[in-house]
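Let me begin by presenting the structure, written as C-alpha cells, before commenting on it.
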Amino acid sequence: MLCCGQMYKILRTFRICNLSVLIMTAKEGLLKDLLEQIHQFEIRLNGLEHYAYDIAEQHKGSSFPEQEMLSIDLENRLIQLTHEMGSEIGFLKEDIATLSNFIAFRRKYSEFTDEELEELLDKTPSMELKKRLSVKCGGVESMLKRVEELTAEWNKTFA
C-alpha cells in the first residue's frame, strides 16, 4: 500500500485511484456529466467486442491463400478497436477525474506548499512544521482543525 506522500507524488503526475469515488466527488457538474457520458460510451464500445469474433468468422475461409491470415488480422483489429480502445478510454477518464479532484483539493488547501502537504500526509509532522503552520493558520487550534480537515478529505477522495 502506498503512503500518502507517495500517492500525492503519483497524483501530481496524473495517475489514478478509485473511479466511483472520483466521479462522486467531482465538484463541477459539467465534468461529472462528461465523465458519465464517456463511461457510457466505454460500456457500449466494450459491448461491441463480441462482433469482432462474428465478423472475423464470416471472413474465414480458403478462397485465396492469405484469407485465413487476413481474417485473423481483421479480428485483432476489431478487438483492438472495441476492447483495447475501451480500456484506454477508461484509463484516460480516470486520469481526468483524478486530476480534476486533485486541482480542487490543491485549490482548497493552497496555503500549504507541496512539501508541507507531503509531510502532513505521509509522515509525522516535525515540530518545526507545526510551529510554522500554527503561525500560518492563526494558532494551534485552527492549525489542528485545518490539518484534520485536509487529512480527512485526502483519505476520502484519494485513499
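No experiment lies behind these values; they were computed from the predicted model shown.
- Remark: Lys145 does not engage Glu141 in a salt bridge, criterion side-chain N to carboxylate O under 4.0 Å.
- Hydrophobic cluster membership for Ile72: none, as no Ile, Leu, Val, Met, Phe, Trp or Tyr side chain comes under 4.5 Å of it.
- Here the rule is side chain to side chain donor-acceptor pair (under 3.5 Å) with Glu36, and of Gln40, His39, Lys32 only Gln40 fits it.
- Remark: Ser62 pairs with no residue by the side chain to side chain donor-acceptor pair (under 3.5 Å) rule, at least two apart or across chains.
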Query - Val140 vs Lys130, side chain to side chain contact (heavy atoms under 4.5 Å, CB included): CA-CA, chis, key distance, verdict - result: CA-CA 8 Å; Val140 174; Lys130 290 177 184 178; over 6 Å; no
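- Remark: Leu99 CG to Leu31 CG distance equals 9.5 Å, nearest 0.5 Å.
- Atom CG of Leu35 sits about 11.0 Å away from atom CG of Leu30, to the nearest 0.5 Å.
- A tilted orientation is assigned to the rings of Tyr109 and Phe105, their planes being inclined by 30° to 60°.
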Report task. Under the side chain to side chain contact (heavy atoms under 4.5 Å, CB included) rule, what do Tyr51 and Thr82 come out as? Steps first, then yes or no, please. Result -> CA-CA 9 Å; Tyr51 285 109; Thr82 57; over 6 Å; no
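- Looking only at distances, no side-chain donor or acceptor of Glu75 sits under 3.5 Å from a matching main-chain atom of Ser71.
- One finds no salt bridge joining Glu128 and Lys131 here, because no Lys/Arg side-chain nitrogen approaches an Asp/Glu carboxylate oxygen to under 4.0 Å.
- The pair Lys136-Glu111 does not meet the salt-bridge criterion, since no charged nitrogen lies less than 4.0 angstrom from a carboxylate oxygen.
- Interatomic distance, Ile89 CD1 to Glu84 CD, rounded to the nearest 0.5 Å: 12.0 Å.
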